[in-house]
Protein chains: 2
Amino acid sequence: MTAKKEDFKKEREIFLEHIQRSGLRRTAQRDLIMEIFLRTEDHLTSEDLYWLVQKEDATVGNTTVYRTLKLLTEAGLAREVRFGDNKTYYEHHYNHEHHDHMICTECGLIFEFFSPEIESLQDKMADKLGFRPTHHSLRIWGLCKTCQKVDTSGHAVASGAQPKVRMRSVTGS
Amino acid sequence: MTAKKEDFKKEREIFLEHIQRSGLRRTAQRDLIMEIFLRTEDHLTSEDLYWLVQKEDATVGNTTVYRTLKLLTEAGLAREVRFGDNKTYYEHHYNHEHHDHMICTECGLIFEFFSPEIESLQDKMADKLGFRPTHHSLRIWGLCKTCQKVDTSGHAVASGAQPKVRMRSVTGS
DNA sequence: TTGATTGCAAAGCATTTGCATGCTA
DNA sequence: TAGCATGCAAATGCTTTGCAATCAA
């Protein structure tokens, strides 16, 4: 989709605009946190982001990262996702079409996928119940290709649900 | 499905069996908590259940309810569900077919529904990604029939996402 | 009698809030 | 200069754990 080397020009613009419209102020911390968030194509928690920010500016506080992630969410650049481990993850939202997630319970790998058929069936179900849907969340847990092999023959190579690598999206079917 | 007045004979049996197999002990508290859980057809948090238990035996502690819900889950009688408000809800699991949820963001009403088509499409997607699914969760948020009407004309009659009423399941399509 | 169970209080964990200080606009 | 932003520490809300006393088997 965004074929050019991602420069996040539009994203920055959106963030600054949101800040101005809300009567807020642009600060070095917010800039830095946004930059690092934008260049990290991953599902990350506030703490994950905090440590990334720490590497570049150790004076930035935990709280500011939390608050800035909320801001990014309000601005439409980020989206909160939960995967059942009682943590809030954030993913890119701007220019990222709606999608669902598959989560490998062994290595923590997260796939994004999209199925128009599933979407339309969901709407059909809601309609049948007289329900007006605003948003939804579909998550499928299981074992990814790699962990299936490893899991049957012995111990996993990389376990612990830490990696949180984001695979390229798959659209189907 | 279970047409007769629910007596939960089988459920009790399962719980006791699980306790024995695990080398655990049957206690008055566990019995009481199980009974109240079984007779409450609802999605409830540990705290919800705690207060119901309090009404019948005020000496039972919070912690015991937590621990017993875990036990009930292990035994296969309960299942944990999360609706995004950072609380863990429990629903009946034994003899309750797999289903998904629609959650009214206005009144907290929870619908259960099941769509074999959606299920099979999910499996298809997983298969395409070489993913072996173990479980999944589909939740749709929005406004129920009642809250749609109320919401457009003025204030909601019953708001606050508290009721947590469980509607009869709907299967489709 | 033994060791699991209980209930209290305290600890954990992720997240939020209060507040004095610092800094944008 | 006004008042929003920051970062620390403390508070929160849900859940889990430590532990001495209790109780089932």
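- Of the side-chain N and O atoms in Q20(B), none sit less than 4.0 angstrom from OP1 or OP2 of dA25(D).
- The side-chain heavy atoms of L16(B) and R21(B), taken from C-beta on, include no pair separated by under 4.5 Å.
- Within 4.0 Å (heavy atoms only), S46(B) reaches no atom of the nucleic acid at all.
- Spacing between atom CH2 of W51(A) and atom P of dA14(C) amounts to 12 Å, rounded to whole angstrom units.
- Straight-line distance from the OH atom of Y66(A) to the P atom of dA11(D): 18 Å, rounded to whole Å.
- Between Y89(B) and E80(B), the side chains place no donor N or O within less than 3.5 Å of an acceptor N or O (distance only, hydrogens not considered).
- Nucleotides of DNA chain D nearest to L24(B) and D85(B) differ in position, and the one nearer the 5' end is that of D85(B).
- For E35(A) and R12(A), the salt-bridge test passes: some basic side-chain N is under 4.0 Å from an acidic carboxylate O.
- The aromatic rings of H101(A) and H43(A) lie perpendicular to each other, with more than 60° between the two planes, well past the 30° mark.
- Nearest nucleotide to the T64(A) side chain, out of dT17(C), dT6(D), dC14(D): dT6(D).
- Within the nucleic acid shown, N86(B) comes within 4.0 Å of sugar-phosphate atoms alone, with no base atom in reach, counting heavy atoms only.
- When each of dA2(D), dT16(C), dC14(D) is scored by its nearest atom to the side-chain atoms of K70(A), the top-ranked nucleotide is dT16(C).
- Atom CG in D57(A) sits about 8 Å away from atom P in dG7(D), given to the nearest Å.
- If you check every strand for non-hydrogen atoms under 4.0 Å, R67(B) touches a base.
- For the pair F37(A)/L72(A), a side-chain contact is recorded, criterion being any heavy-atom separation below 4.5 Å from C-beta on.
- Side-chain nitrogen and oxygen atoms of R26(B) include none within less than 4.0 Å of the OP1 or OP2 phosphate oxygen of dT5(C).
- Distance CG (L69(B)) to C1' (dT15(D)): 12 Å, rounded to an integer number of Å.
- Atom CG of D48(B) is separated from atom P of dT15(D) by 10 Å (rounded to the nearest Å).
- Atoms NZ (K87(A)) and P (dG13(D)) sit 22 Å apart, rounded to a whole Å.
- Distance CD1 (I19(A)) to P (dA5(D)): 8 Å, rounded to an integer number of Å.
- Within the nucleic acid shown, T63(A) comes within 4.0 Å of at least one base atom, counting heavy atoms only.
- In this structure, of dA25(C), dG3(C), dA14(C), it is dG3(C) that holds the atom nearest to the side chain of R25(B).
- Between T27(A) and dT6(D), a side-chain N or O to OP1/OP2 separation shorter than 4.0 Å is present.
- One atom, CZ of R82(A), and another, P of dA14(C), lie 13 Å apart when rounded to the nearest Å.
- The side chain of Q29(A) places no N or O atom within less than 4.0 Å of a non-bridging phosphate oxygen (OP1 or OP2) of dC23(C).
- Considering only side-chain atoms of E47(A), the nucleotide from dA14(C), dT6(D), dG7(C) that sits closest is dA14(C).
- Residues T45(A) and D48(A) have side chains that bring a donor and an acceptor to within less than 3.5 angstrom of each other.
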